[in-house]
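Here the structure comes first, spelled out in structure tokens, and everything after it is commentary.
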Amino acid sequence: MNSLNPEQDALLIVDIQNDFLPGGSLAITDGDSIIPTINSYIKKFADAGAAIFASRDYHPAEHISFKDQGGPWPPHCVVGTWGVQFHPDLQLTDNTIYIEKGTNIGKEAYSAMDETPLAGKLQQAAIKRVFICGVATDYCVLASGKDLLAAAFEVVLLMDAIKAVDVNPGDGDRAVAELISSGATQLTINNL
Ligand code: VGL
Ligand code: ZN
């Protein structure tokens, strides 16, 4: 059931950027520990000839989500900075399709589907099932998964390749539970 069908399966790698990982301004504890597993997923999808998408949080300076603008977060993933760049250990392949989100200075946007071309590109490629990994489980992974399910895509959560911010303890676990109850399924690398 979980064998890859390159005609209809895609990998979505969410926000593996310096600012969300140790050393960054909004670092997730041990966030970088999932990168080797993400690289294994990338290799499996690339070897199968399946599509690979990589989203990045891509904020203008003084974005509304930043504390100085009244938002909840320290400045992060500002265009043109080190923090917005993908982590150097992430082994993206040449045909990766990049999706930038959070580009609107006045609007918080956690979902990779929010004011981005992702849905259109998935439809164009006749993708039916999206396998999601990355950060943060309780923000962008959750919001993207919900939007994908709402748009009638199947969603597979790659449980060994996601990490939560956990501002409140348990946020990550609750996000996973919410996605599962909304119809997402779970998978780990040994089962693919
Ligand atoms: C995210 C916090 C702030 C995310 C983005 O991509 O999960 N989290 N901006
Ligand atoms: Zn952000």
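Counting starts at 1 for both ligands and their atoms, following the listed order. Hydrogens, waters and symmetry mates are skipped; everything else that's a heavy atom, side chains included, is used. These figures come from a predicted structure and were not determined experimentally.
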For ligand 1, run through the N/O pairs with the protein that fall under 3.5 Å and put one pair on each line.
from: ligand 1; atom 1: 6 (O); to: D15; atom 2: OD2; distance (Å): 2.5
from: ligand 1; atom 1: 6 (O); to: K101; atom 2: NZ; distance (Å): 3.4
from: ligand 1; atom 1: 7 (O); to: A136; atom 2: N; distance (Å): 3.2
from: ligand 1; atom 1: 7 (O); to: C140; atom 2: N; distance (Å): 3.0
from: ligand 1; atom 1: 9 (N); to: D57; atom 2: OD2; distance (Å): 3.1
from: ligand 1; atom 1: 9 (N); to: H76; atom 2: NE2; distance (Å): 3.1

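There is a side-chain donor-acceptor pair under 3.5 Å between S55 and D15. Between the side chains of T188 and N191, at least one donor-acceptor pair of N or O atoms lies under 3.5 Å.
Screening N39, V135, I162 for a side chain to side chain contact (heavy atoms under 4.5 Å, CB included) involving I34 leaves a single residue, V135.
Protein N/O/S atoms found under 2.8 Å from the Zn ion (ligand 2), listed by chain and residue number: D57 OD2, H59 NE2, H76 NE2.
Across all their heavy atoms, L157 and V176 have their closest contact at CD1-CG1, 4.1 Å. Among all heavy-atom pairs drawn from H76 and S65, the shortest one is CE1-OG, 3.8 Å.
Under a 4.0 Å N-O distance rule, the pair K146/E178 qualifies as a salt bridge.
Aromatic ring centroids of F20 and H87 lie 6.0 Å or more apart.
Figure legend: cation-pi geometry between R56 and Y98, with NZ or CZ positioned under 6.0 Å from the six-membered ring centre and within 45° of its axis.
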>> Between I16 and I35, does the side-chain contact (heavy atoms from CB on, under 4.5 Å) criterion hold? Intermediate values first, please.
In response: CA-CA 8 Å; I16 299 296; I35 296 176; 4.1 Å; yes
